[in-house]
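These notes concern the structure reproduced below.
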Amino acid sequence: MAAEDTPAFRYGAVLANEIESRWQDRWAADGTYHTPNPSGDLAEGFERVAGRPKLYVLDMFPYPSGVGLHVGHPLGYIGTDVYARFKRMTGFNVLHAMGYDAFGLPAEQYAVQTGQHPRVTTEANIANMRRQFRALGLGHDDRRSVATTDVGYYRWTQWIFLQIYHSWFDPQAHRARPVSELVAELESGARLAVDVEHPEGRPWSELSDDERHRVVDAHRLVYLDAAPVNWCPGLGTVLANEEVTADGRSERGNFPVYKRPLKQWKMRITAYAERLLDDLDLIDWPDRIRSMQRNWIGRSEGARIDFPLASDAETVISVFTTRPDTLFGATYMVLAPEHPLVPRLASGSWDEPTPASWRGAGLAGVIDGVPAGGWATPREAVEGYRRYASTRSDVDRQAESRVKTGVFTGSFAVNPATGGQLPVFIADYVLMGYGTGAIMAVPGQDQRDWDFAEAFDLPIVRTVAPPDDWTGQAYVGEGPAINSGFLDGLEVHEAKRTMVAWLEAQGHGEGTVTYRLRDWLFSRQRYWGEPFPIVYDDSAQPVALPESMLPVELPEIDDYTPTVVGDDDDSVPEPPLGRAKEWAEVTLDLDDGPKTYRRELNTMPQWAGSCWYYLRYLDPDNDTALVDPDVERYWMQGSKPDGRPAFGGVDLYVGGVEHAVLHLLYARFWHKVLFDLGHVSTPEPFERLFNQGYILADAFLDERGFHVEASEVTGDPEAGFTFRGRPVRRELGKMGKSLKNAVSPEAIQAEYGTDTLRLYEMAMGPLDADRPWNARDIIGVHRFLQRLWRNVVDEETGAARVVDAPAGSGLRRALHRTIDGVRSDMEGLRFNTAVAKLTELNNTLTREVTASGAATPREVAEGLVLMLAPLAPHVAEELWARLGHGSSLVWTPFPEAHPALLVDEEIELPVQVAGKVRAHVRVPADADEAAVEAVVMADDRVQAALAGREIRRVVVVPSRLVNLVV
RNA sequence: GCUCCCGUAGCCCAACCGGCAGAGGCACGGCACUCAAAAUGCCGCAAGUCAGGGUUCGAAUCCCUGCGGGAGCACCA
């Protein structure tokens with residue numbers, strides 16, 4: 001700063017920072033952003049807002065990272081803050097709060113390295129992030145802040161777990177109901193007990209206690225399952241499908257993931273597949289996110305078809321197919337290697353002649369220990385192939401592209417349509433987790449089956465006639481059925497219907513719907529997560545703890561390292577909570593006298609806490625309910641823009657696109673269960689979702705392809721860039737730690753102030769667009785604030801320089817046009833154009849009034865300051881005070897445009913002749929078409945442009961333009 | 001491979017239902033202030049909308065093809 005000749009009250013970094021910290025202190029002291037509830041312990045002051053409509057504005061829950069925020073993070077937070085402030089000024093009771101998704105791996109990994117308890121790191125990180133949010137001037141109601149790691153919070157996460165555990169999905173009612181109602185129906189005989197071994201159902205009275213326990217557990221929305229799960233040794237835990245990328249690696253950390261059969265807790269999200277899919281149509285979400293969720297849920301319509309075994313008609317292989325019309329073309333069958341029927345199918349010896357390739361002869365180079373010419377018996381072949389398939393990670397399967405492998409089981413099934421015998425194979429291109437884990441193979445209409453049929457020399461029968469010029473292999477398009485008995489001649493759609501009707505009439509199957517979505521794996525072998533409220537009794541049956549025993553607190557342990565038992569190929573995880581020996585074994589009285597129990601040692605995934613935090617903001621300190629029902633209804637029940645009731649509770653939810661099928665799917669699922677059980681009043685949690693863009697920045701790679709610290713790179717595009725003297729290559733990427741191109745907000749705040757940073761982030765582009773961080777551009781919005789300041793305050797004395805005399809009519813019209821435009825821009829989250837309109841008005845004010853030394857009319861000064869307030873609240877408060885107002889403008893009404901000042905009496909219309917603008921005419925704003933035409937035809941320039949040509953048509957667009965067609 | 005989104009001044013971006021291509025900012029140039037520079041102020045500056053075709057009185061906007069960039073899905077029966 002060049003000291004003496006800079007005016008004492010020039011708006012620069014020093015003054016801005018002084019203003020900002022002063023107002024942040026005052027807001028905190030006054031509780032300016034406290035939002036009252038209609039009842040309960042946060043109800044104080046509600047009478048002030050009782051007549052206002054509610055508005056719930058929400059940011060996605062941040063993880064409190066150790067490195068703090070960079071300038072890319074606050075984009076969405078500033079956006080919601082501007083919107084919340086604007087809506088408060090336009091008459092809403094606005095809820096805007098912030099909390100911390102604080103369980104999770106980084107704090108635990110740091111604890112492993114340093115021995116420091118994750119709670120210590122986590123609390124320090126939260127304190128730092130809270131400081132950063134405060135420094136950004138975000139107007140959160142800080143009384144409502146929560147962290148998932150607070151015992152008072154995770155107690156309710158455990159409570160919700162118990163609610164889900166004690167529920168089952170009633171397929172007739174299409175909703176969750178309490179397990180107690182299921183038991184009552186079983187006891188009364190209204191419902192028959194169904195389990196895996198007795199699918200036909202048995203009377204409750206005939207079951208042993210143990211069987212009853214099993215039947216009930218099989219219905220719960222939370223259950224223990226031993227199916228293969230995603231085991232990630234690199235993270236020391238198992239993962240949900242949503243946490244594994246398409247190429248079989250962990251979303252976090254990019255480690256390989258292996259399939260392992262491990263007994264783990266799962267949540268029955270698949271029961272909700274249909275509602276999760278259908279209700280996407282009810283909410284105002286970006287199409288991109290909705291299509292990602294639709295994709296993930298993956299609904300397929302088709303049929304279940306039963307194929308009896310040739311040797312044993314009592315045993316059937318059920319398949320799912322989307323093409324029941326192609327049943328006549330099924331020439332073999334394939335089961336997933338893990339399919340439970342496989343051991344029964346593998347007969348004692350090969351029938352002659354069995355081709356060598358069916359016996360695994362072709363796998364000699366792929367699988368160790370395959371005898372030349374294949375395995376000696378089907379049993380050995382199946383065992384060998386299953387062993388091979390189980391050790392392959394999804395990465396391996398991807399890497400070997402689409403080469404088909406498999407072995408023959410030695411058994412045949414009967415095609416119910418043709419009566420023909422179909423050889424049954426196992427192959428890893430059929431997945432256990434989808435459909436029934438078995439397929440009928442129709443090589444004529446499925447390329448995967450075609451490839452397999454060619455590799456194993458199996459017959460190919462076309463059942464849909466391809467076009468005459470078809471030269472490809474499998475044909476999946478439309479066409480008439482052929483080689484298909486009673487289907488011949490029917491188009492695909494009709495053939496499907498006919499076949500399903502036939503299957504149902506003959507008892508060979510039925511029309512069904514299958515989803516790609518799988519149940520949610522809910523156990524993690526970590527320390528830093530919510531303990532399960534579950535113990536095991538001496539027969540190893542899980543027992544849920546009663547609500548009165550919540551919370552189950554995390555015990556102290558001395559080593560947080562996740563343990564892996566065994567070698568790479570058959571390693572299994574062991575939860576660190578096992579080290580808390582005294583905690584893990586516990587004596588409890590669960591209504592039948594004190595007994596010893598073992599605790600569940602896994603913890604919940606990080607998604608658990610973030611599934612319901614938006615409900616806790618509503619009533620953060622309630623210790624008798626997760627949220628008071630009155631408070632829940634007040635904040636969650638809203639309306640659509642057209643006045644119909646909204647389906648989701650949160651009015652605006654802003655966050656990144658990365659949670660499309662993780663958090664957003666899980667939270668919808670929990671919300672629906674809570675809705676079914678009567679704990680929340682809306683079927684969806686989030687009515688309107690908005691994805692803010694990412695801030696991009698130049699990142700630099702050295703010759704090895706590693707990122708180097710961008711802030712230490714010198715050079716320019718022409719001369720080239722160097723890092724410590726070595727040349728580096730530039731690329732544009734998402735700002736963040738991994739690309740080493742983060743810019744800290746503190747650096748910008750020190751140079752220009754927080755209001756400039758906020759304004760820049762809002763001005764640089766539409767909120768949902770990715771945009772490059774360009775430090776050079778920041779000066780532009782800073783100058784705007786400086787000029788606006790100077791138009792309101794004398795830079796030498798700090799006194800307001802306004803006059804109470806009315807503004808001239810041109811300036812006043814400009815003011816009201818700006819008010820009108822800024823209002824609709826802010827309503828539509830178009831903050832970039834709102835900033836442009838304010839800049840424009842300020843430039844007009846400067847040009848027409850203050851540049852000549854005159855004072856600013858008060859109406860214009862106050863209008864500008866109030867409109868600026870949502871975007872740059874500190875400087876706006878300061879100016880408002882200097883204009884003589886004693887109280888904060890946070891609760892002051894936003895300026896309103898007078899309709900009369902938005903229309904001009906006379907307007908200028910462009911006149912096109914043959915599509916080119918040739919003249920402009922001035923006409924009264926309310927002139928009708930004939931009057932406009934008369935003025936146009938009287939214009940000399942129009943006549944000159946016409947040059948005597950005949951006018952074929954006159955197009956008059958009211959208050960837009962006139963086009964003369966010649 | 002399939003599906004979706006986006007291409008406007010040197011750069012970031014406006015243009016609402018098809019109606020004068022330009023609101024705002026950066027950079028750049030000139031002038032004022034200054035011994036000088038920075039800061040600040042004032043003035044100025046530019047593209048015809050990725051390319052080609054179509055619909056229309058009229059296209060950045062709608063349709064088709066291609067090019068470039070981004071995203072999602074991908075052995076899901």
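To find a chain, count down the sequence lines: A is the first, B the second, and so on, and within it residues start at 1.
Nearest approach of V942(A) to A919(A), heavy atoms of both residues: CG2-CB, 3.9 Å. Closest approach of Q445(A) and V476(A) over heavy atoms only: O-CG1, 3.3 Å.
In this structure, the CG atom of N691(A) is 15 Å from the P atom of C6(B), given to the nearest Å. Distance, L335(A) CG to A77(B) C1': 13 Å, rounded to whole Å. One can place OH of Y434(A) at 4 Å from P of A77(B), the figure rounded to the nearest angstrom. Put simply, CG on D777(A) is 12 Å from C1' on G10(B), counting in whole angstrom units. Spacing between atom CZ of R830(A) and atom P of A23(B) amounts to 18 Å, rounded to whole angstrom units. Atoms CH2 (W773(A)) and P (C26(B)) sit 15 Å apart, rounded to a whole Å. If you measure from atom CD1 of I317(A) to atom P of A77(B), you get 20 Å, rounded to the nearest angstrom. The interatomic distance linking F784(A) (CZ) with A39(B) (C1') rounds to 20 Å, in whole Å.
The partner of U56(B) is absent, by the rule that a Watson-Crick or G-U pair needs both atom distances under 3.5 Å. Across every strand in view, U61(B) sits unpaired, with no contact that passes the Watson-Crick or G-U test at under 3.5 angstrom. Here U34(B) sits opposite no nucleotide as a Watson-Crick or G-U wobble pair (both hydrogen-bonding atom distances under 3.5 Å). Using Watson-Crick or G-U wobble geometry with both donor-acceptor distances under 3.5 Å, A14(B) finds no partner in any strand shown. When both distances must be under 3.5 Å, the Watson-Crick or G-U wobble mate of U49(B) does not exist. Here C4(B) sits opposite G70(B) as a Watson-Crick or G-U wobble pair (both hydrogen-bonding atom distances under 3.5 Å). A27(B) makes up no base pair with any nucleotide shown, lacking Watson-Crick or G-U wobble contacts both under 3.5 Å.
Distance from the side chain of R787(A) is smallest for G41(B) among the nucleotides G58(B), C42(B), G41(B). Candidate nucleotides G25(B), G19(B), A14(B) were compared by shortest atom distance to the side chain of L961(A), and G19(B) ranks first. Distances were taken from every side-chain heavy atom of R847(A) (C-beta onward) to each of C57(B), C76(B), C43(B); the shortest belongs to C43(B). Side-chain proximity of T839(A) to G24(B), G41(B), C57(B): nearest is G24(B). For P766(A), whose side chain is taken as the heavy atoms from C-beta onward, the closest listed nucleotide among A14(B), C12(B), C26(B) is A14(B). Among A77(B), U40(B), C75(B), the nucleotide with an atom closest to any side-chain atom of F320(A) is A77(B). Of the candidates A74(B), C13(B), C26(B), C13(B) carries the atom nearest the R771(A) side chain, counting heavy atoms from C-beta on. Among G72(B), A14(B), C75(B), the nucleotide with an atom closest to any side-chain atom of R448(A) is C75(B). Taking only side-chain atoms of P772(A), from C-beta outward, the nucleotide of C73(B), C13(B), A27(B) with the closest atom is C13(B). Looking at the side chain of T846(A), the nearest of the listed nucleotides G72(B), A77(B), C42(B) is C42(B).
In this structure, G41(B) is classed as anti because its glycosidic torsion departs from zero by more than 90°. Glycosidic conformation, C35(B): anti, with the torsion outside 90° of 0.
Taking the P atom of each, C2(B) and C62(B) are spaced 24 Å apart, rounded to whole Å. On the C1' atoms, A60(B) is 7 Å away from U8(B), given to the nearest whole Å. Going from the C1' atom of U55(B) to that of C64(B) covers 11 Å, rounded to whole Å. Between G29(B) and C67(B), the distance separating the two P atoms is 40 Å to the nearest Å. A15(B) sits 16 Å from A9(B) when the P atoms are compared, rounded to a whole Å. Between the P atoms of G70(B) and C76(B), the separation comes to 27 Å (whole Å). For the C1' atoms, the distance from A74(B) to A27(B) is 45 Å, rounded to whole Å. With both ends at atom P, the span from A23(B) to G68(B) equals 35 Å, rounded to whole Å.
Nearest-nucleotide assignment on RNA chain B puts the 5′-proximal partner with D770(A), out of Q912(A) and D770(A). Mapping G765(A) and G298(A) onto RNA chain B by nearest heavy atom places G765(A) at the nucleotide closer to the 5' end.
Among the heavy atoms of the strands, none lies under 4.0 Å from S291(A). Within 4.0 Å (heavy atoms only), N843(A) reaches sugar-phosphate atoms of the nucleic acid but no base atom. V835(A) comes within 4.0 angstrom of nothing in the nucleic acid, heavy atoms only. If you check every strand for non-hydrogen atoms under 4.0 Å, S300(A) touches sugar and phosphate atoms only. Among the protein residues, R304(A) comes within range of no part of the nucleic acid, since none of its heavy atoms lies under 4.0 Å from any strand.
A salt bridge links D281(A) and R294(A); the closest N-O separation between the charged side-chain nitrogens and carboxylate oxygens is under 4.0 Å. Look at D698(A) and R730(A) and you find a salt bridge, because one of the NZ, NE, NH1 or NH2 atoms lies within 4.0 Å of a carboxylate O, short of that distance.
Taking 4.0 angstrom as the limit, N832(A) places a side-chain polar atom (N or O) nearer than this to OP1 or OP2 of A14(B). Note on R288(A): every side-chain N or O is 4.0 Å or more away from OP1 and OP2 of C4(B). Residue Q447(A) places none of its side-chain N or O atoms closer than 4.0 Å to OP1 or OP2 of C75(B). For G25(B), neither phosphate oxygen OP1 nor OP2 lies less than 4.0 angstrom from any side-chain nitrogen or oxygen of R783(A).
With hydrogens and angles ignored, no donor-acceptor pair closer than 3.5 Å exists between the side chain of R776(A) and the base of C12(B).
Within 6.0 Å of CZ in R922(A) there are more than 12 heavy atoms belonging to other residues, nucleotides or ligands.
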Verdict with reasoning, I439(A) to Y429(A), per side chain to side chain contact (heavy atoms under 4.5 Å, CB included): CA-CA 10 Å; I439(A) 62 155; Y429(A) 84 94; 3.8 Å; yes
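The six-membered or imidazole ring of F452(A) lies near that of F425(A), with a centre-to-centre distance under 6.0 Å. Between W789(A) and F784(A), the distance from one ring center to the other does not fall under 6.0 angstrom.
Atom CG of L662(A) and atom CD of E243(A) lie 6.5 Å apart (nearest 0.5 Å).
In this structure, the side chains of E510(A) and L503(A) stay at 4.5 Å or more apart for every pair of heavy atoms.
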